[in-house]
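Because the structure is predicted, anything quoted here is derived from the model rather than measured.
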Amino acid sequence: MYPGPITLPGGRTVRARGLRSGPPAEVPAFGLYLGSERAARRHDPDLTWPHRWLVWSDFRTPRHPDEARSAIVALHARAADESVEVACGGGIGRTGTVLACLATLDGLGPDEAVAWVRAHHHRRAVETPGQRRWVRWFAEGPR
């Protein structure tokens, strides 16, 4: 399953990967990247396509939740007709959390979305209780 494109429950496709795995096989039209400010400085020169960074430390939730919510909603909208990707260092915890949030935008409940991402992306996706709570927070908020 991981790494590669994943078709969300609503039919949109998002490529999910780990930044430590090297550059993507195909350049996306847009990328959403999750990591520390240090990771952004390290990887940003290699990202020559349109992209956005969210400050999101490993095993944690985003530093700026409302900014992350709007970025995830925008990624979902772009996925309707653009090649998009989401990535963090390893491509499992934070990336899986975003995939679960995207699945809630397609109508799944938060617990169902986490289970769905674990079945379709990586069995350990959404690695921490805090990340699972954050998916619930995202699902309950405005769109």
Can you tell me how far the [atom1] atom of [X] sits from the [atom2] atom of [Y], to the nearest 0.5 Å?
{"X": "R42", "Y": "S36", "atom1": "CZ", "atom2": "OG", "result": "6.5 Å"}
{"X": "T104", "Y": "L99", "atom1": "OG1", "atom2": "CG", "result": "11.0 Å"}
{"X": "L32", "Y": "W53", "atom1": "CG", "atom2": "CH2", "result": "9.5 Å"}
{"X": "I72", "Y": "R52", "atom1": "CD1", "atom2": "CZ", "result": "9.5 Å"}

With a 4.5 Å cut-off on side-chain heavy atoms, are [Y] and [X] touching?
{"X": "E67", "Y": "L54", "result": "yes"}
{"X": "W116", "Y": "I6", "result": "yes"}
{"X": "F138", "Y": "V73", "result": "yes"}
{"X": "H51", "Y": "E85", "result": "no"}
{"X": "E37", "Y": "V55", "result": "yes"}
{"X": "E26", "Y": "S83", "result": "no"}
{"X": "H76", "Y": "L8", "result": "yes"}

Check [X] against [Y] and note the closest heavy-atom contact, atom names and distance.
{"X": "A125", "Y": "H121", "answer": "CB-CD2, 4.2 Å"}
{"X": "W49", "Y": "V27", "answer": "CE3-CG1, 3.5 Å"}
{"X": "T13", "Y": "P5", "answer": "CG2-CB, 3.8 Å"}
{"X": "C88", "Y": "R94", "answer": "CB-NE, 3.6 Å"}
{"X": "R69", "Y": "G141", "answer": "NH1-CA, 3.2 Å"}
{"X": "A80", "Y": "R12", "answer": "CB-NH1, 3.6 Å"}

Kindly work out whether a path of hydrophobic side-chain contacts (I/L/V/M/F/W/Y, heavy atoms less than 4.5 Å apart) joins [X] to [Y].
{"X": "F30", "Y": "W56", "result": "yes"}
{"X": "F59", "Y": "V86", "result": "no"}
{"X": "Y33", "Y": "V126", "result": "no"}
{"X": "I92", "Y": "V135", "result": "no"}
{"X": "V98", "Y": "L108", "result": "yes"}

Review point. Is there a donor-acceptor pair closer than 3.5 Å between any side-chain N or O of H122 and the backbone N or O of G93?
Key: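 No; judged by distance alone, with no hydrogens or angles, the pair does not exist.
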Check your understanding: Would you find more than 12 non-hydrogen atoms of other residues, nucleotides or ligands less than 6.0 Å from R60 atom CZ?
Key -> no
Review point. Does D111 come within less than 4.0 Å of R136, counting only side-chain N to carboxylate O?
Key: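 Salt bridge flag = yes for R136 with D111.
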